[in-house]
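Keep in mind that what you see is a predicted model, and the values were worked out from it rather than measured.
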Amino acid sequence: MNILALIPARYSSTRFPGKPLAMIGGRPMIRHVYERAGRLFSDIFVATDDLRIAREVSAFGGKWIMTGDYHQSGTDRCAEALDKAEAITGKKYDVVVNIQGDEPFISSSHLESLVALFDDPLTEIGTLVRRFGPGEDFFDPNCVKVVLSRGGSALYFSRLPIPYIREKGSSAGQTVVFYKHIGLYAYRAGVLRTITALAQGMLERAESLEQLRWLENGFRIDTALVHGETLAVDTPEDLERVEHHYRQIDDNSQ
């Protein structure tokens, strides 16, 4: 199975412009992501729309693909980069892994769990989930919730708490498992090309979640259950938290 790993990275961000080039432990964040992904994948590119990011990737010996600046999501950027990567490498890829460029400590075990979903030839799209832990804010709309079928495929994603427990304190409420979505995706190459050609639907517009477009059009999204939280950088304040985490890891390795 030929696997292509792509790291979408744009310079312009409302909350954190230039985020991929933010420094963590003296190295840009995009380098941390690239090198961690490189432990598992041999065919890996940063998909960017900005020469400043491309130059930085070249500086540390990474590979990049220039994409348009009009993409609405990382998935859309990956679809363009897929065609260009195949032209560069001369390969036809079976699966494309979309790695978030703002998670500098992406776990190899998470990536392995995601790729393992495609051992099933029926898997079209894969993503990751984990159980909510004690004390987590289940009502935070920035934290996406997901409900699963018995077989582990996603039934629905929402910014609201789902499933809703109608009778508080009931036995049903005590046995329900609440899942948090981890926004790491992989797709069959043909499926990626198809879903990025679809128009936005009612569900995606309502919740601002692109994966609802895929569900609304009948695609199956399989999930792998993982453990441990990811450390994403959305704001400069997040960067301070991640820098602190990096120093702890560095101290423990000495």
Side-chain angles (χ1 to χ4, degrees), residues 3-69 71 73-82 84-86 88-89 91 93 95-115 128 182-186 226 228-254:
I3 299 174
L4 173 65
L6 294 172
I7 306 172
R10 65 190 184 100
Y11 191 90
S12 299
S13 170
T14 303
R15 290 189 290 178
F16 196 167
K19 182 169 62 172
L21 303 183
M23 303 301 283
I24 300 171
R27 293 186 296 172
M29 179 160 56
I30 193 66
R31 180 172 181 175
H32 286 277
V33 179
Y34 190 99
E35 291 180 347
R36 281 182 170 256
R39 297 174 185 176
L40 190 62
F41 304 110
S42 55
D43 288 357
I44 177 171
F45 293 87
V46 172
T48 186
D49 60 359
D50 194 280
L51 281 174
R52 286 165 288 190
I53 295 174
R55 291 190 190 104
E56 189 61 50
V57 174
S58 291
F60 65 73
K63 296 178 291 186
W64 53 270
I65 290 171
M66 190 60 62
T67 59
D69 60 1
H71 294 298
S73 70
T75 300
D76 294 329
R77 196 175 303 281
C78 283
E80 180 186 353
L82 166 60
K84 292 185 174 181
E86 289 189 336
I88 292 168
T89 64
K91 295 181 181 179
Y93 293 101
V95 172
V96 178
V97 181
N98 176 354
I99 301 170
Q100 300 280 5
D102 58 5
E103 294 190 2
F105 304 111
I106 184 71
S107 163
S108 294
S109 64
H110 284 189
L111 293 171
E112 288 169 347
S113 295
L114 181 63
V115 170
L128 302 179
I182 296 175
L184 184 66
Y185 295 108
V226 297
E229 182 57 288
T230 57
L231 284 174
V233 178
D234 292 319
T235 65
E237 291 73 27
D238 291 336
L239 183 65
E240 294 179 12
R241 176 171 55 91
V242 166
E243 179 70 34
H244 176 71
H245 179 75
Y246 177 83
R247 287 196 298 268
Q248 287 183 315
I249 293 175
D250 193 46
D251 289 343
N252 292 334
S253 66
Q254 295 180 14

Compare every heavy atom of [Y] with every heavy atom of [X], then report the nearest pair and how far apart it is.
| X | Y | value |
| --- | --- | --- |
| Pro104 | Val33 | CA-CG2, 3.7 Å |
| Val96 | Leu82 | CG2-CD1, 3.8 Å |
| Ser42 | Lys63 | O-NZ, 3.7 Å |
| Gly228 | His110 | O-CE1, 3.7 Å |
| Ala5 | Ile99 | CB-CD1, 4.0 Å |
| Met29 | Gly101 | CG-O, 3.9 Å |

Evaluate the side-chain proximity of [Y] to [X]: yes if any heavy-atom separation is below 4.5 Å, no if none is.
| X | Y | result |
| --- | --- | --- |
| Tyr11 | Pro20 | no |
| Pro8 | Cys78 | yes |
| Glu56 | Val46 | no |
| Ile106 | Leu184 | yes |

Spatial distance of atom [atom1] ([X]) from atom [atom2] ([Y]) [nearest 0.5 Å]:
| X | Y | atom1 | atom2 | result |
| --- | --- | --- | --- | --- |
| Phe60 | Ile30 | CZ | CD1 | 6.5 Å |
| Leu4 | Ile44 | CG | CD1 | 9.0 Å |
| Phe41 | Ile7 | CZ | CD1 | 10.0 Å |
| Ser107 | Leu128 | OG | CG | 9.5 Å |
| Leu21 | Arg55 | CG | CZ | 11.0 Å |
| Ser113 | Ile182 | OG | CD1 | 9.5 Å |

Salt-bridge present (Arg10, Asp49; N to O < 4.0 Å):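 So Arg10 does not pair with Asp49 through a salt bridge.
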
Charged N-O contact under 4.0 Å between Arg39 and Glu35: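 So Arg39 does not pair with Glu35 through a salt bridge.
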
ring-ring contact (aromatic ring centres under 6.0 Å, His included) partners of Phe45, counting only residues at least two apart: none

Phe105 six-ring centre to Arg36 NZ/CZ under 6.0 Å and within 45° of normal: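 No, a cation-pi geometry is absent between Arg36 and Phe105.
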
Can any side-chain N or O of [X] pair as donor or acceptor with the backbone N or O of [Y] at less than 3.5 Å?
| X | Y | value |
| --- | --- | --- |
| Glu80 | Gly68 | yes |
| His32 | Ile24 | yes |
| Gln100 | Gly183 | yes |
| Thr67 | Arg77 | no |
| Tyr93 | Ala85 | no |
| Lys84 | Ile65 | no |
| Glu243 | Gly25 | yes |

Chi angles and distances behind the side chain to side chain contact (heavy atoms under 4.5 Å, CB included) call for Leu6, Asn98: CA-CA 5 Å; Leu6 294 172; Asn98 176 354; 5.9 Å; no

Side chain to side chain contact (heavy atoms under 4.5 Å, CB included) evaluation trace for Val95 with Val115: CA-CA 8 Å; Val95 172; Val115 170; 5.9 Å; no

